[in-house]
Amino acid sequence: MYVAFLGPRGSFTQQVAQQAFPTAELLSYDTITEVMKAVEQGAVDYSVIPVENSIEGSVHETIDYLFHQADLRAVAEVVQPIFQQLMVAANPADIQVIYSHPQALAQGKKYIDEHYPQARLEATASTAYAARFVANHPEQPFAAIAPQAAAEEYNLTIVAQDIQEMSQNFTRFWVLGNESVSLPLAQTARKCSLALTLPDNLPGALYKAMSVFAWRGIDLTKIESRPLKTALGEYFFILDVVNTDPELLDYALKELTSLGISYKILGDYVIYQAQ
């Protein structure tokens, strides 16, 4: 089995992919779109991509590609707690420059100010890239903030664990594929993710769309708008729906159609908890 993930190696996405598919061959791709195209074109069996972070919000590249271009669905979701580690290749007492993704730098700033106030912060495209850069310059007084998987991948030494300020930092990852999958992780719930397009000539269209779920007692855990990319002020809406009763949800979707509200199912999946 082949599984694509957002690289470089040592990223949180790889960490999730390893937990979800411990025996698969994992293939790294440079962008989220390339990861999705890999499974779409049959180069891999499944793809693992980030879809939302509890601090930064939705990953728009993921949502927009699935809505506008792809005929793909999420077949599983993995929720990964985000823990950031400070790691070095050489002497931890002589750290002068710390590299990481801007979000990770912000999350670790309090720890850095207390322990390495002299260090200069440098932003990189990802935490894994920062770790790889530090590993490639062991003679320099560099450090990286990155996941534990990056330290293992690039043979770096962790000098401070879990330096993030916010403990409630989680990222949702979707597993995309053409067949359902059961993962060796703890299951928590089941959801369905939809993208709704509202008709122009239906007053209160969004309210009526929400009512379809409300009067049936179907819980919505997320609603978000994204540009339709057709004209200014035109949007589609992303809904995450708790799917405890598939038959009841099916009736709700049929009512949406009767109201002239179009929808695309982005995924119908079990939610798993990563470590």
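- Looking at E34, its side chain does come within 3.5 Å of a backbone N or O of T31 through a donor-acceptor pair.
- Shown here are the side chain to side chain contact (heavy atoms under 4.5 Å, CB included) partners of N169, two or more places apart in sequence or in another chain: N53, S54, I55, I82, Q103, Q107.
- Under the 3.5 Å distance criterion, the side-chain polar atoms of T157 are left unmatched by any main-chain donor or acceptor of A89.
- Partners of D250 by side chain to side chain donor-acceptor pair (under 3.5 Å), not counting sequence neighbours, listed by chain and number: K254.
- For F12, the ring pair (Phe, Tyr, Trp, His ring centres under 6.0 Å) criterion is met by no residue, not counting sequence neighbours.
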Report task. Check the pair F142, Y99 against ring-ring contact (aromatic ring centres under 6.0 Å, His included), reporting the backbone distance first and the verdict last. Result -> CA-CA 8 Å; F142 295 163; Y99 295 87; 5.1 Å; yes
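- With sequence neighbours left out, V59 forms a side chain to side chain contact (heavy atoms under 4.5 Å, CB included) with I32, P50, T62.
- Of the candidates V241, N243, D219, T221, T221 is the only one forming a side chain to side chain contact (heavy atoms under 4.5 Å, CB included) with K191.
- For the 3.5 Å distance criterion, the side chains of T171 and E52 fail to qualify, holding no donor opposite an acceptor.
- Partner of V75 under the side chain to side chain contact (heavy atoms under 4.5 Å, CB included) criterion, chosen from D268, V181, L176: V181.
- Sequence neighbours left out, the pairs with a member in residues 122-134 that pass side chain to side chain donor-acceptor pair (under 3.5 Å) are R120-E122.
- Under a cut-off of 6.0 angstrom, the local environment of CD in E139 is crowded, with over 12 non-hydrogen atoms contributed by other residues, nucleotides or ligands.
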Query raised in the report: Yes or no on salt bridge (charged side-chain N to carboxylate O under 4.0 Å, His left out) for R216 and D245, after CA distance, side-chain angles and deciding distance?
Result: CA-CA 11 Å; R216 288 183 170 88; D245 188 337; over 6 Å; no
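- The environment of OH in Y251 is sparse: at most 12 heavy-atom neighbours from other residues, nucleotides or ligands sit within 6.0 Å.
- Identified under the side chain to side chain donor-acceptor pair (under 3.5 Å) test for residues 203-215, with sequence neighbours left out: W215-E255.
- Every pair passing side chain to side chain donor-acceptor pair (under 3.5 Å) that includes a residue from residues 72-86 is listed here, sequence neighbours excluded: Q19-Q80, E77-R172, E77-W174, E77-Y269, Q85-D162.
- Remark: side-chain polar atoms of T188 are paired, donor with acceptor, to backbone N or O of I271 under 3.5 angstrom.
- Sequence neighbours left out, not one pair with a member in residues 11-20 passes salt bridge (Lys or Arg N to Asp or Glu O under 4.0 Å).
- Under a 3.5 Å cut-off, the side chain of D45 and the backbone N or O of Y2 do form a donor-acceptor pair.
- No donor-acceptor pair under 3.5 Å is formed between the side chain of K264 and the backbone N or O of L194.
- Using a distance-only test at 3.5 Å, with no hydrogens or angles considered, a donor-acceptor pair links the side chain of Q273 to the main chain of V79.
- Ring centroids of F5 and Y29 are separated by 6.0 Å or more, keeping the two rings apart.
- The closest side-chain heavy-atom distance from E61 to D64 is not below 4.5 Å.
- Residues passing the side chain to side chain contact (heavy atoms under 4.5 Å, CB included) test with P102 are A123, sequence neighbours excluded.
- When the side chain to side chain contact (heavy atoms under 4.5 Å, CB included) test is applied to A160, the partners found at least two apart in sequence or on another chain are L86, Y111, I163.
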Show me, pair by pair, the donor-acceptor contacts under 3.5 angstrom made by side chains of residues 229-238, not counting sequence neighbours?
unit_1, atom_1, unit_2, atom_2, d
T230, OG1, E234, OE1, 2.4

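- Distance alone, capped at 3.5 Å, places no donor-acceptor pair between the E153 side chain and the A149 backbone.
- In this structure, a donor-acceptor pair under 3.5 Å is absent between the side chains of S193 and K222.
- For the atom pair CD1 (I63) and NE2 (H60), the distance works out to 8.0 Å, reported to the nearest 0.5 Å.
- Annotation: the span from L198 atom CG to Y263 atom OH amounts to 14.5 Å, rounded to 0.5 Å.
- With sequence neighbours left out, the side chain to side chain donor-acceptor pair (under 3.5 Å) criterion links Q69 to no other residue.
- Taken from CD in E25 to CG in L27, the straight-line distance is 5.5 Å, to the nearest 0.5 Å.
- We find the CD1-OH distance between I49 and Y65 to be 10.5 Å, quoted to the nearest 0.5 Å.
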